Amino acid sequence: MAGIIFSEGSGLNDSLFGKSQEPIKHVITCGMEEFERESQLEKVYNMDTSDRYAEKYTSETSLADFQDVGENGAVPVSGFQEGYSKVIEAMTWKNGFSVSKEMLEDAQYGKVKSKAQNFVQSYNRTREKFGAAMLAGGIGKKVMFAGKAYDTTSADGAALFSAEHTSITGGYGKQSNIFTATNGFSVAAMDRVEEAMQSVCDDDGNLLSVMPDTIIIPNNALIKRAVIAACDSEYDPESDKNAVNFQCGLWNIIVWKYLPKTLGGEPYFMMMDRKFCKNNYGLPWVDRVKLTVESFIDHNTDANSWSGRARFGVGFNNWRGVAICGKGLTGTTV
């Protein structure tokens, strides 16, 4: 989320702290820009902004197929309805740091800079950790983060990753986007998950154009080597017969170091159709208030206090653009 709002209390420029204000702002701003270049949030989530306390995301069921009505036949009228919906509320997040008078009196500028750097790292790290925890926590209906429980269900009420996804119109029985690889990761398991995603239907049972193009993995050496070999090898990495690997060059690979290295005690991978997720607000991230940083003098300690406040939230709407697979997961066997 680019941009920071700075607010400065009165009297600071006339105090000992006056000269430190702009350098601290510069450290915070540069730290934000540097971290955002490395962030995976925008590659995974649908980054959205809001001017309300919460946003509602929904979908509509599809129209019926075209019909052969013969020459000069009347246009058939087919209806549609609102699909499942999801309300995502932006929570308030805060943190801060202080610079003592003694630091400036003793010219300890390195410590001042370090405090500012730690502050911005804390903010960006929190966002990354929260986003990763929510995504991995999608194998259940809730996830704990920093002592609080957060909802990880999709709009249909099932967990984001579930074998129990239902239709609001009854157009199908149940669909799955969580898979168990009984032999661990393999090119064959990858092929089957891709096929399953390409076979996903809308609420009325119509085949959707889901075309996964991205693989998301944790920073786990075993799964990282296996996935990169499967996606970048011209020949099947699991065969000595020079079989062509049709998966070669088709995938964007995201290695997200904030994801847990294993789920259910085993490595795992996720597949995503980034275009489908974007067009259908599959995984919305809502930024309500940008990071607002206030600088003021604490008259109890004579320190220059810096406080940061932001409002953001994340949730899951349409599950169809993402799937997960691993040996330690309970789902449809591939």
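Worth saying up front: this structure is predicted, and the values here are computed from it rather than measured. Throughout, numbering of the chain's residues begins at 1 and tracks the sequence.
- Checked by atom type and distance alone, the side chain of Asp298 never pairs as donor or acceptor with a backbone atom of Ala303 at under 3.5 Å.
- Judged purely by atom type and a 3.5 angstrom limit, Glu164 has no side-chain atom pairing as donor or acceptor with the backbone of Ala158.
- Atom CD1 of Ile168 is separated from atom CG of Asp156 by 9.5 Å, given to the nearest 0.5 angstrom.
- Rounding to the nearest 0.5 Å places CG of Leu16 at 5.0 Å from CG of Leu104.
- Between the side chain of Asn46 and the backbone N or O of Cys277, at least one donor-acceptor pair lies under 3.5 Å.
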_Verdict with reasoning, Ile217 to Phe185, per side chain to side chain contact (heavy atoms under 4.5 Å, CB included)_ = CA-CA 12 Å; Ile217 54 175; Phe185 178 83; over 6 Å; no
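- With contacts defined as side-chain heavy-atom distances shorter than 4.5 Å, the pair Met271/Met190 qualifies.
- Exactly one of Arg311, Arg288, Glu89, Glu55 qualifies for a side chain to side chain donor-acceptor pair (under 3.5 Å) with Ser50. That residue is Glu55.
- Around the CG atom of Asn183, the shell of radius 6.0 Å holds no more than 12 heavy atoms that belong to other residues, nucleotides or ligands.
- Between the side chains of Thr49 and Lys290, no donor-acceptor pair of N or O atoms lies under 3.5 Å.
- With hydrogens and angles disregarded, a donor-acceptor distance shorter than 3.5 Å links the side chain of Asp273 to the backbone of Lys275.
- Looking at Phe276 and Ser209, their side chains never come closer than 4.5 Å, going by heavy atoms from C-beta outward.
- For Asn124 and Glu38, the side-chain atoms include no donor-acceptor pair closer than 3.5 Å.
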*Between Val112 and Lys115, does a side chain to side chain contact (heavy atoms under 4.5 Å, CB included) hold up when you go through it step by step?*
CA-CA 5 Å; Val112 174; Lys115 282 178 173 285; 5.9 Å; no
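- Thr301 has its side chain out of reach of Ser98: every pair of non-hydrogen atoms, C-beta onward, lies at least 4.5 Å apart.
- Residues Val322 and Phe161 meet the side-chain proximity criterion, which asks for heavy atoms closer than 4.5 Å.
- Listed for the Asn304 side chain is no donor-acceptor partner under 3.5 Å among the backbone atoms of Ser295.
- Side chains of Trp285 and Glu42 form no contact here, defined as non-hydrogen atoms less than 4.5 Å apart.
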*Just do the side chain to side chain contact (heavy atoms under 4.5 Å, CB included) check on Lys261 and Asn219 with the steps written out, would you?*
CA-CA 6 Å; Lys261 292 182 182 293; Asn219 187 28; 4.1 Å; yes
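- At a cut-off of 3.5 Å, with distance as the only test, no side-chain donor of Asp48 or Tyr281 sits close to an acceptor on the other residue.
- Using a 4.5 Å heavy-atom cutoff, the side chains of Gln198 and Val210 are not in contact.
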_Applying side chain to side chain contact (heavy atoms under 4.5 Å, CB included) to Ile297 and His299, what does each step give before you reach the verdict?_
CA-CA 6 Å; Ile297 294 177; His299 295 291; 4.1 Å; yes
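- We find that Asp151 and Lys86 are joined by a salt bridge, their nearest charged nitrogen and carboxylate oxygen being less than 4.0 Å apart.
- Put simply, the residue from Glu33, Met32, His26 that forms a side chain to side chain contact (heavy atoms under 4.5 Å, CB included) with Thr29 is Glu33.
- Atom NZ of Lys25 sits in a crowded spot, with more than 12 heavy atoms from other residues, nucleotides or ligands closer than 6.0 Å.
- For the atom pair CD of Gln40 and CD1 of Ile216, the computed distance is 9.0 Å after rounding to the nearest 0.5 Å.
- Residue Gln108 qualifies as enclosed at atom CD: its count of foreign heavy atoms under 6.0 Å is above 12.
- For Thr166 and Tyr84, the side-chain atoms include at least one donor-acceptor pair closer than 3.5 Å.
- Salt bridge annotation for Arg320-Asp203: present, with a cationic side-chain nitrogen under 4.0 angstrom from a carboxylate oxygen.
- Cation-pi geometry between Arg127 and Phe312 is met: under 6.0 angstrom from the ring centre, within 45 degrees of the axis.
- In this structure, Val314 and Leu41 have side chains that are not in contact, with every pair of non-hydrogen atoms separated by 4.5 Å or more.
- Checking side-chain atoms of Asn177 against main-chain N and O of Ser162 turns up a donor-acceptor pair under 3.5 Å.
- A parallel orientation is assigned to the rings of Trp93 and Tyr150, their planes being inclined by less than 30° (bins at 30° and 60°).
- Atom NZ of residue Lys101 and atom CG of residue Asp302 lie 5.0 Å apart, to the nearest 0.5 angstrom.
- The pair Glu128-Arg125 fails the salt-bridge criterion, with no side-chain N (NZ, NE, NH1 or NH2) lying under 4.0 Å from an Asp/Glu carboxylate O.
- Thr126 places a side-chain N or O within 3.5 Å of a backbone atom of Ser122 that can act as its donor or acceptor partner.
- Between the side chain of Thr292 and the backbone N or O of Ile5 there is no donor-acceptor pair closer than 3.5 Å.
- Formation of a donor-acceptor pair under 3.5 Å by the Ser154 side chain with backbone atoms of Asn317 is not found in this model.
- Note on Ile88: it does not cluster hydrophobically with Tyr53, by side-chain heavy-atom contacts below 4.5 Å among ILVMFWY residues.
- A continuous path of hydrophobic side-chain contacts links Ile228 to Val255 [ILVMFWY only; heavy atoms under 4.5 Å].
- Rounding to the nearest 0.5 angstrom, the gap separating the NZ atom in Lys142 from the OG1 atom in Thr153 is 9.5 Å.
- Here the rule is ring pair (Phe, Tyr, Trp, His ring centres under 6.0 Å) with Phe130, and of Tyr123, Phe145, Tyr45 only Phe145 fits it.
- A continuous path of Ile, Leu, Val, Met, Phe, Trp and Tyr side chains, each step under 4.5 Å between heavy atoms, connects Phe179 with Met270, placing both in one hydrophobic cluster.
- Side-chain atoms of Thr180 come within 3.5 Å of backbone atoms of Leu329 as a donor-acceptor pair (strictly under, hydrogens ignored).
- For the pair Gln117/Phe97, no side-chain contact is recorded, criterion being any heavy-atom separation below 4.5 Å from C-beta on.
- Both Ile324 and Phe316 are part of a single hydrophobic cluster, where members link through side-chain heavy atoms under 4.5 Å apart.
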